[in-house]
Amino acid sequence: MQVWGEIVTALEAAGSCVMVSIVRVRGSSPREIGARMIVRPDMSFRGTIGGGRLEYDALHEAVLIMKTKQPAFQTRSYALGPDLGQCCGGYVLLAFEPISLNYLEIAQRFSTQERMGNFSTTANTCSTSSLQRTISATGICDPQTPEIALDHGTLQERFGAPAPHLFLFGAGHIGKALTLAMAPLGFQISWIDERKEVFPKYVPSNTRCIHLNEPQVIIKSLEPENYVLVMTHDHHRDHAIVDAAIRRTDLAYVGMIGSRTKRLRTLKRFKNSGIPEEHCKQLVCPVGLDEVKGKKPAEIAISIAAQLLVVKEKQLSIAPGGLRVVS
């Protein structure tokens, strides 16, 4: 969730909101430190701190804070077993931060920063007025650092996340389903097809449509660690794009939709054209998780999205400082 983007939307629509954050956890809990939700005066909300009685009580507390105009930052502790009857049995400390329309300009600035990647802030919570956050001088921070930490009145937070960039070639049925499946998953998507008319009128905010008559030419300009997924309407077009992609060795993922027979034929062509076997091994085809057998576009899209999430998690775990932030 783009936290500050949701805050901007809430302020523009309702004039106020409360940011609820998990600050501290002991034992088992339904969500991790840094999980957040943005609550509006009518109790509608975006994000989640884990559902159940904890979230239910937090929603009511947030609305009460807005109604009674309580201080700008406060915390509440919850024992999930005795207090709430949740089976987690742990303890969580929640922070409640009411945000008014006066904060809109600051929220808009943070929202812009958030879309560019992750950043960290520091604030003093002892003030009774709105928190005055200072963006860290180091700029983009290590995504492995805690999302939120409260120590003797000093609040340190990390917002945003490095967004891996998927270049999706092909705007057919599965391409359309995949852009919808990928919308909330923290990827940037460049969606490429030479048929301008096949793109839908509306696309998710993380997606930009690119009309190219020779889509394979874009491969040379991709940043290292970008993702390439090929599913055009033309087998020869698929081959040309994948050929250009596997000649590189610095992409995070090179996938092509198709059968195992298509993979074997494609690899034979690559071998005949002199592409080293080590390069060819990069190709993922068929794409998606083997366990998902469904053939409907939405089922295939979910299978592919899950596979891309697995690759993303591996990249985050092995790369110091996380994935490269790309534009």
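All values reported here derive from a predicted model rather than from experimental measurement.
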Start with the C-alpha distance between Arg76 and Glu61, add both sets of side-chain angles, then the distance that settles salt bridge (charged side-chain N to carboxylate O under 4.0 Å, His left out), and finish with yes or no. CA-CA 10 Å; Arg76 299 277 193 280; Glu61 184 68 28; 2.8 Å; yes

Start with the C-alpha gap between Phe159 and Phe119, add the side-chain angles, then the distance that decides, and say whether ring pair (Phe, Tyr, Trp, His ring centres under 6.0 Å) holds. CA-CA 6 Å; Phe159 296 102; Phe119 68 102; 5.7 Å; yes

Stepwise ring pair (Phe, Tyr, Trp, His ring centres under 6.0 Å) check, Phe270 with His239: CA-CA 9 Å; Phe270 290 158; His239 181 87; 4.8 Å; yes

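Note: the hydrophobic cluster containing Val8 also contains Ile135 (ILVMFWY, side chain heavy atoms under 4.5 Å, direct or indirect links). In the hydrophobic clustering of this structure, Val198 does not group with Ile257; members are Ile, Leu, Val, Met, Phe, Trp, Tyr whose side-chain heavy atoms approach within less than 4.5 Å, directly or through other members. Both Ile106 and Leu101 belong to a common hydrophobic cluster when Ile, Leu, Val, Met, Phe, Trp and Tyr are linked at side-chain heavy-atom distances under 4.5 angstrom. Linking Ile, Leu, Val, Met, Phe, Trp and Tyr whenever their side-chain heavy atoms come within less than 4.5 Å puts Tyr78 and Leu150 in one cluster. A continuous path of ILVMFWY side-chain contacts below 4.5 Å connects Met43 to Met37, so both sit in one hydrophobic cluster.
Side-chain contact between Cys209 and Val203: present, with at least one pair of heavy atoms (C-beta onward) separated by less than 4.5 Å. Side-chain contact between Cys280 and Ile246 is present, with at least one heavy-atom pair separated by less than 4.5 Å. Annotation: side chain of Glu55 is in contact with side chain of Phe45 (closest heavy-atom distance under 4.5 Å). With contacts defined as side-chain heavy-atom distances shorter than 4.5 Å, the pair Arg263/Val284 does not qualify. The side-chain heavy atoms of Asp238 and Lys262, taken from C-beta on, include a pair separated by under 4.5 Å. Side-chain contact check for Leu155 versus Thr122: every heavy-atom pair is 4.5 Å or farther apart. For the pair Gln74/Ile65, a side-chain contact is recorded, criterion being any heavy-atom separation below 4.5 Å from C-beta on. Within the 4.5 Å cutoff, side-chain heavy atoms of Phe167 are placed close to those of Asn226.
The neighbour count for Glu105 CD, taken as heavy atoms of other residues, nucleotides or ligands under 6.0 Å away, does not exceed 12. Within a 6.0 Å sphere centred on CZ of Arg46, other residues, nucleotides and ligands contribute 12 heavy atoms or fewer. Counting non-hydrogen atoms of neighbouring residues, nucleotides and ligands closer than 6.0 angstrom, the NE2 atom of His173 reaches no more than 12 such neighbours. Around atom CZ of Arg195, more than 12 heavy atoms belonging to other residues, nucleotides or ligands sit under 6.0 Å away. His235 NE2: 12 or fewer foreign heavy atoms inside a 6.0 Å radius.
Side-chain contact check for Thr232 and Asp234: no donor-acceptor pair (N or O, by modelled atom type) lies under 3.5 Å. No hydrogens or angles considered: a donor-acceptor pair under 3.5 Å links the side chains of Arg208 and Ser190.
A distance-only check finds no donor-acceptor pair linking the side chain of Ser21 to the backbone of Val23 [under 3.5 Å].
Applying the side chain to side chain donor-acceptor pair (under 3.5 Å) test to every pair with at least one member in residues 242-259, sequence neighbours left out, gives these pairs: Asp243-Arg247, Arg248-Asp250, Tyr253-Gln307. Screening residues 292-302 for side chain to side chain donor-acceptor pair (under 3.5 Å), with sequence neighbours left out, gives no hits.
The existence of a salt bridge linking Arg36 and Glu97 is excluded, since no basic side-chain nitrogen approaches an acidic carboxylate oxygen closer than 4.0 Å.
When each of Leu93, Ile148, Leu94 is paired with Ile22, the side-chain contact (heavy atoms from CB on, under 4.5 Å) condition holds for Leu94 and for no other.
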